[in-house]
Amino acid sequence: MTNAESGQKHEAVDLDQILVDEIGQFGKYQILTLLLAAFPIMFSAFAAGEYIFTTARINTRCLIPQCDSANPEFAPAWVLNAIPGTSPTSFDACNKYANSTNQPPVTEGTCPANLFDTSRTLACSDYVYEDQLSVVYDFDMACDEWRRSQIGSIRTIGTLLVLPVTGYISDRWGRRVALTINAFNTGWLGLVRSFVNSYEWFLALEVIESTIGAGAYSSCFILVTELVGPKYRVVAGATVSTLFALGQVFLGLIAWGVPHWRSLTQVIYAPQLLVVSYFWILSESVRWLMSKGRYEEAETILKKVAQRNNKVLSEKSLEALRATAEAEKLIEKPKEAWLPLQVIRSRVILSRCLVSPFWWITNTLVYYGMSINSVNMSGNRYLNYVAVAAIEIPGYWTAILLLDRIGRKPVLIGAYWLCAACQFGFAFLPDGYYGLSLFLYLFGKYCIAIVMTSVYVYTAELYPTQYRHNLFAYSSMVGRIGSISAPLTPALALEVWESFPSVLFGSFALISGMLIFTTPETLGTKLPDTMKDAEELGRKKAEVK
């Protein structure tokens, strides 16, 4: 007989209340879960960034048939006789001088200037590559920058498609199932891709892998944050972001040690198959189990949490939690208009639905664009990538320190505009200031990391509880336009203007900072529950949380 049938009544209790009052908001059990989640989170960073190295640009020059041997040297002493350039180490990658009318036989190892007409140039028909480390060599993409860059864009489209796929699996069969399926798909598809010998198959496997495997990160994020109390939820989220950044750091170091793309792919993808074991190691989300009516399993996990955290969980609280969950299922929800119609009818909410996706497009464009372009900067490409990834970590924690002290809007506006200033400064800085240019680049990435954390919090607080998930997901999904476009920016730098990506990033950051002025401050306000509550944000003195 249930409590309801016996007439026994319990005060309404939710999971957050039990975490706060009885079993601990962030104890040993939650820390252990976070440590276990660290591996698939970092593996997700490997999968998200590997294409930056496996498809990296390779220095090339034209093959000169009358001078090059069967195993041509990339930068022979005679290179400037046949190819336009300014020094024996700086010459055209895609063009050569036309042959002169006089073509006498040449001695091996020489290539006299009189073989060429320096007044005319021709595009290369064949190429000599400086190394064979990326797919650019295997698939002969020497000067085809757009074909190389679109690998990253096509892959990123898969990260957009994976959101509804993983969301359905996660809500239907659980967070653990979603995590293990995504990790398994990422692992085996990555390994298969390391053996392909055609551009088309490589591209197809990139997008397939990201479409059915890139959801491991979001699954871990949900698993961790759903088991943490409200006081530590933002900190837990920042920790997850930090682990992702550490994964990028390790990726850069691994790529430095294992530079050939086939070996690198195998090294970083094979361990991901081990995450399948998490189905038996990790506990399922208590909130998901409760939502499915699987109360016995949820209560068993809560007892484990209490035991590990050295706390005592009363049977009375468990009964009240179950009764509250059952009562919520019986509440009849009022019929409301279709969400898009409600948004259109409200100028305030419509305005937010127009400006918040722009913030997200800027975030992903600048964040991913800076990581991708870092390997094309002067210096060691691997160390550049490591530095640009590592600087994110203090950015995440700076946001945590400032958001509840000076407010959401000052943090976002300041971070966006400082990022814009760094981008414009980097773009127009004269040559010869390597140290300053590196500082501007790293500080710009630090600022966009502050934005990345802050905009998650701020966007969620602008929308009402009843539609928060849908409207937040809408902003995030539209924001993927930025991450899809980011891999194309190196090609724009070559084809349009070397500083074009930085100017593009700075312009978007500048505009996004301005758009923050159109929305209200949410620090110290009660989270809006209804559309009317959300509209009232900023119109009157808000109720203190």
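Positions are given from 1 along the sequence.
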Please report the shortest heavy-atom distance between [X] and [Y], naming the atom on each side.
X      : Y      : answer
Gln248 : Ser371 : OE1-OG, 4.1 Å
Ser485 : Ile481 : OG-O, 2.8 Å
Ser437 : Phe426 : O-CD1, 3.3 Å
Gly215 : Asn182 : N-OD1, 2.9 Å
Thr211 : Val162 : O-CG2, 3.0 Å
Val375 : Arg381 : O-CB, 3.4 Å

Classify the side-chain pair [X]/[Y] by whether it contains a donor and acceptor separated by less than 3.5 Å.
X      : Y      : answer
Thr242 : Trp397 : yes
Tyr458 : Thr519 : yes
Thr265 : Ser194 : no
Ser119 : Asp117 : yes

Would you say the rings of [Y] and [X] are close, in the sense that their centroids are separated by under 6.0 Å?
X      : Y      : value
Phe74  : Phe91  : yes
Tyr97  : Phe116 : no
Phe508 : Phe358 : yes
Tyr382 : Tyr385 : no
Trp360 : Phe472 : yes

Legend entry - Close side-chain approach of Thr110 to Trp78, heavy-atom, < 4.5 Å: no
Inset, instruction - Ignoring hydrogens and angles, tell me if any N or O in the side chain of Asp138 forms a donor-acceptor pair with the backbone of Asn197 under 3.5 Å. - result: no
Legend entry - N/O donor-acceptor pair under 3.5 Å between Glu521 side chain and Lys409 backbone: yes
Inset, instruction - Measure the CD1-CZ distance between Ile361 and Arg480 for me, rounded to the nearest 0.5 Å. - result: 12.5 Å
Legend entry - CG-CG distance between Leu205 and Leu203, expressed to the nearest 0.5 angstrom: 9.5 Å
Inset, instruction - Inspect cysteines Cys143 and Cys94 and report if their side-chain SG atoms are under 2.5 angstrom from one another. - result: yes
Legend entry - SG proximity flag Cys447/Cys422, limit 2.5 angstrom: no
Inset, instruction - Decide yes or no on side-chain hydrogen bond (donor to acceptor under 3.5 Å, both in side chains) for Thr156 and Tyr368, but give the supporting numbers first. - result: CA-CA 10 Å; Thr156 311; Tyr368 289 107; over 6 Å; no
Legend entry - Within 45° cone of Phe202 ring axis and under 6.0 Å: Arg193 NZ or CZ: yes
Inset, instruction - On the 0 to 90° scale, with breaks at 30° and 60°, tag the Phe443-Phe439 ring pair as parallel, tilted or perpendicular. - result: parallel
Inset, instruction - On the 0 to 90° scale, with breaks at 30° and 60°, tag the Phe428-Phe424 ring pair as parallel, tilted or perpendicular. - result: parallel
Inset, instruction - Please identify each residue that fulfils salt bridge (Lys or Arg N to Asp or Glu O under 4.0 Å) with Asp68, with sequence neighbours left out. - result: Arg61
Legend entry - From CA spacing to verdict: side chain to side chain contact (heavy atoms under 4.5 Å, CB included), Leu412, Val455: CA-CA 7 Å; Leu412 281 164; Val455 83; 4.3 Å; yes
